[in-house]
Visitor: 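Have a look at this one before I ask anything.
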Amino acid sequence: THHLDSLYTASAKYYIDYYYGIPEKNKEYYADFNRKFDETADDLFLDGLDLLEMINDDVDLYLYNLLEYAVERIEAYAVVNDDGDWILREIVKHSPGEYGYLVGLAAAGEKIISGIEWKVSPSADEDYKYAEYDDSGWMNAALVIRKHPPPPVTPVPSVSTDTSAVTIDSTAAVSDSAIIITDTTIQISSAEDSLEIPMGEEIAVAPAAPEFDYSALDEMGAPAIWLAQPAEKAYFRYLFNIPGKPISGRVSLSADENYVIFINGEFVGEDGEDESDWETPDNYSALSFLRNGQNIIAVKASDPDLTAHGFWLKLEYSVMPESIDNLPIVREPRGD
């Protein structure tokens with residue numbers, strides 16, 4: 001068996017040995033630590049921290065490395081007890097985004113989506129990306145209502161008594177892009193007149209409107225928004241508050257046809273040159289841009305062909321709880 005204090009102490013010894021470039025004045029202290037380690041190998045974890053602090057001013061980095069190494073040892077030997085829980089909580093406090101799972105912190109506890117509460121304008125200066133910008137004159141965004149094509153009409157042919165002609169019912173709809181006439185004569189009847197077309201000529205039919213695949217955008221759970229009328233450019237802003245230290249963050253978005261996004265005035269990402277890839281949202285890590293308190297999302301979207309299919313956004317994030325000292329450890333112990 002491996003005593004828990006021995007694991008902590010071994011991790012401290014590991015890093016002390018690794019960073020052996022100790023100033024002359026600390027050699028005596030290091031020799032004393034080595035002697036204690038050789039004699040007991042127990043209860044020296046805090047002594048090791050003290051020695052590391054003397055070795056280097058950047059003790060936080062060493063502490064993180066030390067804790068990480070201790071966690072590896074705890075998991076390797078399946079040590080789960082009150083002391084083990086303490087060391088795990090300490091590493092969660094130091095790096096909650098990476099180790100929050102140890103105390104059950106969700107990767108995404110809060111969500112913000114595009115909606116009518118967002119502010120929008122057809123023009124703005126460069127300061128629109130900052131929280132202090134005055135958008136009091138901006139409008140609220142409008143929801144984009146998706147236009148569904150009418151259901152297709154099934155052609156109903158009727159054969160006339162004249163074997164050289166076929167009469168097409170006036171309610172019929174042509175869905176092909178082109179029809180090649182192979183009969184000697186076709187007569188198209190309507191209430192006003194009739195038209196005879198000689199054999200072999202081609203009837204050009206206007207192509208159907210393109211059908212877009214909205215499935216990936218629908219999975220975001222965020223509605224499409226835009227200005228109330230089509231516009232070549234649309235500037236969006238959304239102010240929100242994060243009551244705590246953000247420990248995770250991810251933003252997904254798309255716009256017809258392209259966009260550039262800023263969070264708290266910092267560039268996050270932009271769409272590429274491909275005008276057809278807006279049907280699939282892009283994903284970015286947002287943690288480094290989020291902060292405790294007021295935050296601003298600012299997006300410039302462009303729609304040069306005035307199709308106005310919209311702009312979609314979803315931001316998911318989580319914050320550090322006020323205290324994790326009483327949160328239970330949810331990690332299943334792992335043995336060798």
Side-chain angles (χ1 to χ4, degrees), residues 58-72 75 87-115 117-119 127-133 216-217 219-222 225 235-255 258-272 280-301 311-325 327-331:
D58 193 10
V59 67
D60 286 342
L61 176 60
Y62 283 114
L63 177 60
Y64 171 72
N65 291 336
L66 190 63
L67 292 173
E68 190 173 48
Y69 187 79
V71 168
E72 292 175 0
E75 290 185 337
I87 201 74
L88 294 176
R89 288 193 184 92
E90 287 301 309
I91 197 170
V92 171
K93 292 176 183 177
H94 192 283
S95 185
E98 184 176 0
Y99 291 101
Y101 72 93
L102 293 171
V103 292
L105 297 183
E110 304 294 335
K111 181 169 67 174
I112 289 172
I113 61 174
S114 49
E117 67 276 11
W118 284 58
K119 294 292 187 179
D127 290 339
Y128 86 100
K129 66 187 74 169
Y130 300 109
E132 299 78 15
Y133 182 83
L217 295 168
E219 288 178 4
M220 293 172 59
I225 59 175
Y235 294 82
F236 297 92
R237 282 171 50 86
Y238 186 75
L239 278 167
F240 63 102
N241 187 65
I242 296 182
K245 177 185 177 182
I247 60 175
S248 70
R250 181 189 182 199
V251 62
S252 304
L253 76 157
S254 185
N258 48 64
Y259 66 82
V260 57
I261 177 174
F262 302 88
I263 296 180
N264 292 320
E266 296 186 61
F267 172 79
V268 178
E270 61 184 329
D271 200 8
T280 303
D282 298 321
N283 302 299
Y284 302 95
S285 172
L287 179 58
S288 61
F289 306 105
L290 300 175
R291 61 195 182 200
N292 182 13
Q294 189 181 66
N295 291 258
I296 175 71
I297 302 173
V299 176
K300 174 185 175 183
F311 158 66
W312 299 256
L313 182 141
K314 178 177 68 174
L315 170 68
E316 295 178 293
Y317 68 92
S318 60
V319 298
M320 174 73 88
E322 292 184 2
S323 174
I324 66 170
D325 291 334
L327 294 179
I329 302 299
V330 298
R331 174 189 55 80

Visitor: For F240 and Y317, which heavy atoms make the closest approach, and how far apart are they?
Guide: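 Minimum heavy-atom contact is CE1-CE2, 4.4 Å.
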
Visitor: Grab the two heavy atoms, one from G109 and one from S318, that are nearest each other, plus how far apart they are.
Guide: N-CB, 3.7 Å

Visitor: If every non-hydrogen atom of V92 is compared with every non-hydrogen atom of G100, which pair is closest and at what distance?
Guide: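 Reported closest heavy-atom pair: CG1-CA, 4.1 Å.
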
Visitor: Taking all non-hydrogen atoms of both residues into account, name the closest pair between A286 and I263 and its distance.
Guide: CB-CD1, 4.1 Å

Visitor: At what distance, to the nearest 0.5 angstrom, does CZ of F262 lie from CZ of F236?
Guide: 14.5 Å

Visitor: Check whether W312 reaches the backbone of I113 with its side chain - one donor and one acceptor, N or O, closer than 3.5 Å.
Guide: no

Visitor: For side chain to side chain contact (heavy atoms under 4.5 Å, CB included), just list the numbers for L313 and I225, CA-CA rounded to whole Å, side-chain angles, deciding distance to a tenth of an Å, and then say yes or no.
Guide: CA-CA 9 Å; L313 182 141; I225 59 175; over 6 Å; no

Visitor: Determine, using ring centers only, whether F311 and Y259 are less than 6.0 Å apart.
Guide: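 Between Y259 and F311, the centre distance exceeds or equals 6.0 Å.
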
Visitor: Pick out which of N295, V251, I261, V268 makes a side chain to side chain contact (heavy atoms under 4.5 Å, CB included) with F289.
Guide: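 Among N295, V251, I261, V268, the one that satisfies the side chain to side chain contact (heavy atoms under 4.5 Å, CB included) with F289 is V268.
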
Visitor: Please round to the nearest 0.5 Å and tell me the distance separating atom CG of N292 and atom CE of M320.
Guide: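 N292 CG to M320 CE: 12.0 Å, rounded to 0.5 Å.
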
Visitor: Of all residues at least two apart in sequence or in a different chain, which pass the salt bridge (charged side-chain N to carboxylate O under 4.0 Å, His left out) check with K93?
Guide: E90, D325

Visitor: Taking N264 for the side chain and I296 for the main chain, is one N or O donor matched with an acceptor at less than 3.5 Å?
Guide: yes

Visitor: Taking all atoms of both residues into account, what is the closest heavy-atom pair of N241 and G293, and its distance?
Guide: OD1-C, 3.0 Å

Visitor: Between R89 (side chain only) and V103 (backbone N and O only), is there a donor and an acceptor less than 3.5 Å apart?
Guide: no

Visitor: With side chains defined as the heavy atoms from C-beta onward, is the minimum distance between L315 and Y238 less than 4.5 Å?
Guide: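 No; the side chains remain at least 4.5 Å from each other.
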
Visitor: If I take atom CG from residue L239 and atom CD from residue E132, how far apart are they, to the nearest 0.5 angstrom?
Guide: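 Reported to 0.5 Å precision, the distance equals 9.0 Å.
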
Visitor: Walk me through whether L217 and S254 qualify under side chain to side chain contact (heavy atoms under 4.5 Å, CB included).
Guide: CA-CA 8 Å; L217 295 168; S254 185; 3.8 Å; yes

Visitor: Below 4.5 Å, heavy atoms only, C-beta onward: do N283 and R250 meet side chain to side chain?
Guide: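 The answer is yes, as the side chains (C-beta and beyond) meet within the 4.5 Å cut-off.
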
Visitor: How many angstroms lie between atom CG of L253 and atom CD of E270, to the nearest 0.5 angstrom?
Guide: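 The CG atom of L253 sits 11.5 Å away from the CD atom of E270.
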
Visitor: For the CD atom of E316 and the OG atom of S252, what is their distance to the nearest 0.5 Å?
Guide: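 Rounded to the nearest 0.5 Å, the CD-OG separation comes out at 7.0 Å.
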
Visitor: Would you confirm whether R291, through its side chain, and I242, through its main-chain N or O, come within 3.5 Å as a donor-acceptor pair?
Guide: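 Flag not set: sc R291 to bb I242 has no pair under 3.5 Å.
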
Visitor: How close do I91 and L88 get, counting heavy atoms only, and between which atoms?
Guide: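 Minimum heavy-atom separation between I91 and L88: CG2-O, 3.1 Å.
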
